[in-house]
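Indexing begins at 1, ligand by ligand and atom by atom, following the structure's order.
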Amino acid sequence: MQLSGKTAVITGSNSGIGLGVAEELARAGANVVLNSFTDRPEDHALAADLAARFGVTARYIAADMSNGDACRSLVAQAGACDILVNNAGVQHVAPVDEFPVDKWNQIIAINLNSAFHTSAVALPLMRAKGWGRIINIASAHGLTASPFKSAYIAAKHGVVGLSKTVALETAGQGITCNAICPGYVLTPLVEAQIPDQMKVHNMDRDTVIRDVMLLRQPSRQFATTAQIGGTVAYLCSHYADQVTGTTISVDGGWTAL
Ligand code: NAD
């Protein structure tokens, strides 16, 4: 199997894109470490399910990605980290002049600072093996902006910049670092945005999905979590050995507009 013997740590992977990424990496033979901030039996059951379906080692480690020490401890507890996928993310929608300070700080901590902390601990482990992959799940909002999402967009632009910097610091060392920029993928994070968007635009659910959320996604189709997971698996393959310091959009044409 392509990734047999590799260990992948995926932050924020008890639902949505993170879980889809974990599934595709396990399918390719990687051992996986799942994470979120909760510590429920159903979180651990997700890891057991992947282990049973794909014959890999799978663990769930609870750690709050808004806390820098917890981010560092997650990678340390994983023991090995050949592939690091920084995926944990949250969203809040409000105009800048009304944006709650605690929400701003939380979004920057989880969506941006966590990738710095996990990468800082993972890089020495990767350098020791002469191989590594850091894949940051940014967003089309890491390349473009929309109103009312200032913290999220600032964090995602920051993640793109961090990815480029880490790529330069690891060039020629067998390690690559890239950012994937999805357009809209139907997950709990997107579901949670729909009521806010309905309120802001005074529209019903179907209209806000078609005319607001997918307005900038020319395909007018959501991407799937498996498609994001497959893009991560490609970046982990030898075909992508020279792909570093860049962004890969999976956005139905959004950023081509
Ligand atoms: P989701 O809500 O399903 O997943 C977010 C994950 O992050 C969950 O597993 C959640 O438990 C975890 N998380 C939240 N706070 C955390 C914390 N403090 N510590 C640890 N884990 C925490 O949403 P998703 O859509 O799957 O989003 C995953 C990533 O993809 C995010 O970074 C998001 O910004 C990005 N993204 C999503 C879309 C989309 O359309 N869904 C588009 C572009 C980018």
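Aromatic rings from H141 and W254 are positioned such that their centres are separated by under 6.0 Å.
Residues passing the ring pair (Phe, Tyr, Trp, His ring centres under 6.0 Å) test with H157, sequence neighbours excluded: none. Residues passing the ring pair (Phe, Tyr, Trp, His ring centres under 6.0 Å) test with Y152: none are found, sequence neighbours excluded. Not counting sequence neighbours, the partners of F99 by the ring pair (Phe, Tyr, Trp, His ring centres under 6.0 Å) test are H92.
Heavy atoms of other residues, nucleotides or ligands lying less than 6.0 angstrom from CD of Q242 number 12 at most. Within a 6.0 Å radius of CG in N202, no more than 12 heavy atoms belonging to other residues, nucleotides or ligands are found.
Within 4.0 Å of ligand 1, contacts by protein heavy atoms are made from G12, S13, N14, S15, G16, I17, N35, S36, F37, A63, D64, M65, S66, N87, A88, G89, V90, I110, I137, A138, S139, Y152, K156, P182, G183, Y184, V185, T187, P188, L189, V190.
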